[in-house]
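All remarks here apply to the structure that follows.
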Amino acid sequence: MKIIDKLMYIGLTIMVILSFYLTYLIWLTPASKSSALLNNIEKDESSEVKNYKNTEDIFLPLNLTRFKKEATTQTNSESLIKQGQAMVKENKYDRFTLDSFDSEDEFFEATTVKEGIEMAFADAFPIQSYLALLQKKVSFDSSINEESFAFNRIQIDYKQKIIRFLNPLKLEFIEAEITSNFPEEESIYNDSSDNWHTVSNAISQKEGIEFYSESPLELTVYSYISSTRPYTVFRDAFFTNPKDIRSSDDTEDLKFYDGSESLLIQQEQQRMNFQGIISADQQFDIYKKSYDYIRGLGTNFGSLRLFDRKENVINYRIFVEGFPVFGENSEGVIRVGFSDGGQDYQKNVSIQASLNTIQVPIPSEQKVELPAASTVLENLEKLGIDEKDRPRLLIGYTWRNLEDTEVVDLKPGWYINYKGTWYLYDQLVAELKEEGGSDNGL
């Protein structure tokens, strides 16, 4: 018992000494050490991991068409399109060569695929920018000006083992032999899910997507609880040093600024506008620079993807079930634009977006039947659309706020790009009837 008592006494003595030592660390540690501790905490906070979306998720084609035996089918499934784009990145290629044609018939005959896939973008995409975003290096023949060549469709011909980047507007493409081996069970080619619908290329078109449904399509109407995005989402994503900004709320609007950067939150209109100045050398790439801002939003905008480009403005849209969202008050879209700055090697950047967002889905069994794309085109032709103004079609979801509620309905419909502007089908029909002065039998 005496030995146990001695051990207990020694243990209590050590605990008392340790207690005094810890008290000293807490109350008497020099200020320099406290500052260092605070700095470490700040560093930990500033190094918070953000859920950035990579370029391959942002710069996806709009859809994917599959050529399998006698059937041509199409899908908007993001997972399948990602698989298709992954094939572009992962395959190995021989040197790319250029082919150009004098007639549309020759071009379309040369680009007919019997077994393979094709992916389409809404607008021409510079090949150099696209490959850089995918971090893919390839070799080009000397006949190709890789700085100026652009495409809006990618073909992978399984039978010939060839990849092509097509520019239908200029009746040209670049192609290369695929030197790597395809997997024995290629997942896209053998996918048997219900994500596909039958299409036809009976209607040729120089721009945009060439394959159209010939049967009506049934799509679901989606409903969501809406909310307002906090301004901190944009502040933290766009400012170079978000912790150093100042704010002003003297008016109904809220403004943040720091040097050459400013963020205006228009609370009444539920909109935001960011302005800044960036350095821009001769290698300035509008896709890469706009992505540098978009990536900062992380996953706050859901499935945000490249949609189209108008000169120096790139439009990124929210996609739902693989289809872009359109709203009357710019819901669902972020516009990133660049203009020349006041000095050499500088550009002004401007970003506009809506504060409104959709969050919690509401179960819905409501469906809408859309007419076949071929029927839509025939109706537009009856209304007098000129052949040279041939429109481009795609399916999109229209954002509709239900009055006196916090519910948003996303209703599917045909959208038509006519003379550079996207119209909902019914809106374009009404406008064309008004211009023509008659209903043309519709």
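Counting from 1, the numbers follow the sequence of the chain as shown.
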Residues E261, T240; criterion side chain to side chain donor-acceptor pair (under 3.5 Å); working and verdict: CA-CA 8 Å; E261 297 176 321; T240 304; 2.7 Å; yes
Single hit among I294, L297, I58 for side chain to side chain contact (heavy atoms under 4.5 Å, CB included) with K53: I58
K136 NZ: over 12 foreign heavy atoms closer than 6.0 Å: yes
Are [X] and [Y] close enough that a side-chain donor and a side-chain acceptor fall under 3.5 Å?
X: D191; Y: W196; answer: yes
X: Q352; Y: S350; answer: yes
X: W422; Y: D308; answer: yes
X: T65; Y: Q74; answer: yes
X: R153; Y: T111; answer: no

Salt bridge (Lys or Arg N to Asp or Glu O under 4.0 Å) contacts in which one or both residues fall within residues 76-89, not counting sequence neighbours: E56-K89, D57-K82, E78-R305
Salt bridge (Lys or Arg N to Asp or Glu O under 4.0 Å) pairs, two or more places apart, involving residues 346-364: D340-K347
Residues D157, Q155; criterion side chain to side chain donor-acceptor pair (under 3.5 Å); working and verdict: CA-CA 6 Å; D157 191 318; Q155 284 184 346; over 6 Å; no
S143 versus D141, closest heavy-atom pair with distance: OG-OD2, 2.8 Å
Considering all heavy atoms, the nearest Y93-V88 contact: OH-O, 2.6 Å
Aromatic ring pairing Y222/Y224, orientation class (parallel under 30°, perpendicular over 60°, tilted between): tilted
Geometric class of the F338/F284 ring pair [parallel <30°, tilted 30-60°, perpendicular >60°]: perpendicular
Salt bridge (charged side-chain N to carboxylate O under 4.0 Å, His left out) partners of D292, counting only residues at least two apart: K288
Aromatic centroids of F151 and Y130 separated by under 6.0 Å: yes
Residue that, paired with F274, satisfies ring pair (Phe, Tyr, Trp, His ring centres under 6.0 Å) out of F239, Y257, F234, F256: F239
Check: I156 and M87 side chains under 4.5 Å, non-hydrogen atoms: yes
R392 with D123: basic N within carboxylate O range, under 4.0 Å: yes
From CA spacing to verdict: ring-ring contact (aromatic ring centres under 6.0 Å, His included), F323, Y415: CA-CA 11 Å; F323 298 101; Y415 274 84; over 10 Å; no
